Amino acid sequence: MTGNTAAGPKAQLYDAFAASGKALASGKRLELLDLLAQGERTVDALAKAAGLNLTTASAHLQTLKQAGFVATRREGVRIHYRLAGDDVAQLFALLRKVAEAHQAAVPAARDAYLGEGGAAEVTHEELRARVAAGDVVVLDVRPAEEYRAGHIPGAVSIPVGELADRIGELPEETEIVVYCRGEYCVLAYDAVRLLTDLGRRAIRLNDGMLEWRLAELPVDAGDLA
């Protein structure tokens, strides 16, 4: 009898845990979390960045909000979304690493999206040492609003779509370390390929802004460099 009476509350507890898992069971909702890990955004901006219509984006965001993963604030008629806490960003980052380690489809999908590995890259520690030595330029190739929300101190902002036209803003003889949103962000890969094709020495930070923040490394915010 005791076991039966305990089954109800226990089932409710595990169902509550499962509700969080269900909220994550959508590639587009994970993409929205990835975007929100870069900073607060309106529904319109999130829909555009994720390639969704407003109705679909709003529905996904409501699911994430009901699960407690995102929070909102109103500014006039606009609703701004943000992650509910750093623990949500940590969960998102861990989910990706666990999936890559244990889900057979992930490595092939990663390589198809990002290109096969093997290109030169640097770690956080190596980058900070090289910045201190003054022998690299750090390049942020995310959209400008993401740069303003938070970036590696001293990084130059040139969104990847503008890089070919603005390459003259980068010194010719200094190696360029490129980063974007995170470890699985294609923008940095595309930028390194473009810079290399144009004769520049360029390598990639081995992850990106998400992991930099989670490592509690210094972050600047504000106007473009």
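Quick caveat: nothing in here was measured; it's all calculated off a predicted structure. Numbers for residues simply follow the sequence, beginning at 1. Any value given below was found using the heavy atoms of this structure, including those in side chains, with hydrogens, waters and symmetry copies removed.
- A salt bridge links Glu169 with Arg166; the closest basic N to acidic carboxylate O contact falls under 4.0 Å.
- Heavy atoms only, all atoms of each residue included: Ala191 and Val141 are closest at CB-CG1, 3.8 Å.
- Checked by atom type and distance alone, the side chain of Glu211 pairs as donor or acceptor with a backbone atom of Gly208 at under 3.5 Å.
- Checking side-chain atoms of Glu126 against main-chain N and O of Thr123 turns up a donor-acceptor pair under 3.5 Å.
- Formation of a donor-acceptor pair under 3.5 Å by the Thr196 side chain with backbone atoms of Val192 is found in this model.
- Counting heavy atoms from C-beta outward, Ile79 and Thr42 have side chains that stay 4.5 Å or more apart.
- In this structure the side chain of Leu214 reaches within 4.5 angstrom of the side chain of Gln90, judged on heavy atoms.
- Heavy atoms from other residues, nucleotides or ligands lying under 6.0 Å from CZ of Arg78 number 12 at most.
- A donor atom on one side chain and an acceptor atom on the other are found under 3.5 Å apart for Tyr189 and Arg204.
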Check against salt bridge (Lys or Arg N to Asp or Glu O under 4.0 Å), Arg73 and Glu40: CA-CA 10 Å; Arg73 70 176 178 88; Glu40 184 181 73; 2.8 Å; yes
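- Counting heavy atoms from C-beta on, the side chains of Leu163 and Leu139 come closer than 4.5 Å.
- For the side-chain hydrogen bond (donor to acceptor under 3.5 Å, both in side chains) with Thr72, the lone residue among Lys65, Arg82, His80 that qualifies is Lys65.
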Any chance you could lay out the salt bridge (Lys or Arg N to Asp or Glu O under 4.0 Å) test for Lys97 and Glu183, step after step, and finish with the verdict? CA-CA 10 Å; Lys97 296 303 291 183; Glu183 182 177 356; 3.2 Å; yes
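- Looking only at atom types and distance, the side chain of His124 has a donor-acceptor partner in the side chain of Asp207 under 3.5 Å away.
- Residue-environment remark: NZ (Lys28) exceeds the threshold of 12 foreign heavy atoms within 6.0 Å.
- Put simply, the side chain of Leu24 reaches to within 4.5 Å of the side chain of Leu33, judged on heavy atoms.
- Hydrophobic clustering (ILVMFWY, side-chain heavy atoms < 4.5 Å, transitive): Phe92 and Val88 are in one cluster.
- Summarising the local packing, CG of Asp86 is surrounded by 12 or fewer heavy atoms from other residues, nucleotides or ligands at distances under 6.0 Å.
- Within the 3.5 Å criterion, the main-chain N or O of Gly182 finds no donor-acceptor partner in the side chain of Trp212.
- Hydrophobic clustering, with ILVMFWY side chains joined whenever heavy atoms are under 4.5 angstrom apart, groups Val43 together with Phe69.
- Between the side chain of Arg200 and the backbone N or O of Leu170 there is at least one donor-acceptor pair closer than 3.5 Å.
- Side-chain atoms of Gln38 come within 3.5 Å of backbone N or O of Arg181 as a donor-acceptor pair.
- When atom types are taken as modelled, the side chain of Tyr14 and the backbone of Pro9 share no donor-acceptor pair closer than 3.5 angstrom.
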